[in-house]
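Note that these values count all heavy atoms, side chains included, but never hydrogens, waters or copies made by symmetry. Keep in mind it's a predicted model, so treat the numbers as computed, not measured.
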Amino acid sequence: MMTPHGGGIEVGTSELVLFAAKGMFSEYAFEGCRTSNNRELHITTTNFDEPICLDMVRETEHILAFHGYADTTNKHTLIGGRDTSAKQSAFKALNTAGFSCEIVPVGGYLAGNDPNNICNKGPRGMGLKLEISTAQRNAFFGTNTRAKRRHTTLPEFHKYVEAITSIYNPVV
């Protein structure tokens, strides 16, 4: 579980990593910790080359990268990456849990199918990328500040995390 745009860069993605990993999966978050202008720290995922992250993904079979995109109106998730099976599973899990989502076609906006995308740099050459709208991420927290987010998660947040992690821990 990882995010290259955590903290104040793409708000709420660090908390998704932390709660989704549950101490059972590797976790990584590159976090913007400034009081303002964290967006300046955004590095495109095809250029993301932070050494600790690269070492982690090179040793990880299944990579799940949380991202955020700017849409303050619609609660929605764009599902991308090169792992076709994981994309289908994520779509089914999120849709079944009542979340609005879609699989982005190869080459589409925020598709994440470039082999140089950080989520695709694992040994299998493919990963899962979730682009979560601002509206959806805002709905996850009672108080959406860096200091309070992880302490004010709402039921919708836990439902989302449970849905997406179920693809890696299927209930039998």
Side-chain angles (χ1 to χ4, degrees), residues 1-36 38-39 41-42 45 48 53 56-57 60 62-81 83 85-104 109-112 117-119 127-172:
M1 313 281 171
M2 57 96 58
T3 181
H5 306 132
I9 303 170
E10 291 174 353
V11 171
T13 57
S14 294
E15 290 74 19
L16 286 162
V17 169
L18 177 68
F19 280 77
K22 299 177 190 174
M24 298 176 2
F25 299 101
S26 298
E27 59 186 82
Y28 174 89
F30 179 84
E31 297 188 302
C33 298
R34 295 175 170 177
T35 56
S36 63
N38 283 282
R39 187 74 183 151
L41 301 172
H42 186 277
T45 53
F48 195 83
C53 184
M56 186 184 97
V57 298
T60 304
H62 298 279
I63 300 165
L64 168 55
F66 291 102
H67 295 266
Y69 73 98
D71 180 345
T72 58
T73 305
N74 302 298
K75 295 192 313 185
H76 192 66
T77 299
L78 301 171
I79 302 169
D83 190 335
S85 176
K87 289 191 296 188
Q88 292 293 330
S89 295
F91 176 82
K92 182 179 179 186
L94 290 172
N95 197 14
T96 299
F99 292 99
S100 172
C101 61
E102 67 184 285
I103 296 174
V104 180
Y109 178 62
L110 300 174
N117 188 301
I118 192 68
C119 79
L128 176 62
K129 179 184 180 204
L130 300 179
E131 289 278 357
I132 306 161
S133 72
T134 305
Q136 181 64 76
R137 288 177 287 125
N138 285 341
F140 288 156
F141 309 102
T143 304
N144 196 355
T145 64
R146 191 174 40 156
K148 302 264 178 140
R149 270 192 294 273
R150 68 184 58 185
H151 305 293
T152 63
T153 55
L154 297 173
E156 190 166 346
F157 174 86
H158 297 284
K159 186 176 179 183
Y160 192 98
V161 168
E162 184 178 318
I164 203 61
T165 58
S166 73
I167 73 172
Y168 298 106
N169 294 312
V171 176
V172 181

Identify the residue among Phe25, Phe157, Phe140 that makes a ring-ring contact (aromatic ring centres under 6.0 Å, His included) with Phe19.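 Only match with Phe19 under ring-ring contact (aromatic ring centres under 6.0 Å, His included): Phe157.
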Lys22 atom NZ, neighbour heavy-atom count above 12 within 6.0 Å: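 Enclosed.
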May I ask you to check whether over 12 heavy atoms, not counting those of Glu162, lie within 6.0 Å of atom CD?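 No - once you tally the heavy atoms of other residues, nucleotides and ligands closer than 6.0 Å, there are 12 at most.
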[X] to [Y] - nearest heavy-atom pair and separation:
X: Asn95; Y: Cys101; answer: N-SG, 4.0 Å
X: Gly6; Y: Thr13; answer: CA-OG1, 3.4 Å
X: Ala163; Y: Ala93; answer: O-CB, 3.3 Å

Verdict with supporting geometry, Tyr69 and Tyr109, ring pair (Phe, Tyr, Trp, His ring centres under 6.0 Å): CA-CA 11 Å; Tyr69 73 98; Tyr109 178 62; 7.2 Å; no
Report yes or no: do Tyr168 and Ser89 form a side-chain donor-acceptor pair below 3.5 Å?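 There is no such pair (donor and acceptor under 3.5 Å, judged by atom type) between the side chains of Tyr168 and Ser89.
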Do we see a donor-acceptor contact under 3.5 Å between the side chains of Thr45 and Asn117?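 Yes, side-chain donor-acceptor contact under 3.5 Å.
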Does this structure show an ion pair linking Arg146 with Glu31, if we count only N-O contacts that are shorter than 4.0 Å?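 No, no charged N to carboxylate O under 4.0 Å.
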Less than 4.0 Å between a side-chain N and a carboxylate O, is that true for Arg137 and Glu15?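 So Glu15 does not pair with Arg137 through a salt bridge.
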Does the ring pair (Phe, Tyr, Trp, His ring centres under 6.0 Å) test come out yes or no for Phe66 and His5, once each step is laid out? CA-CA 8 Å; Phe66 291 102; His5 306 132; over 10 Å; no
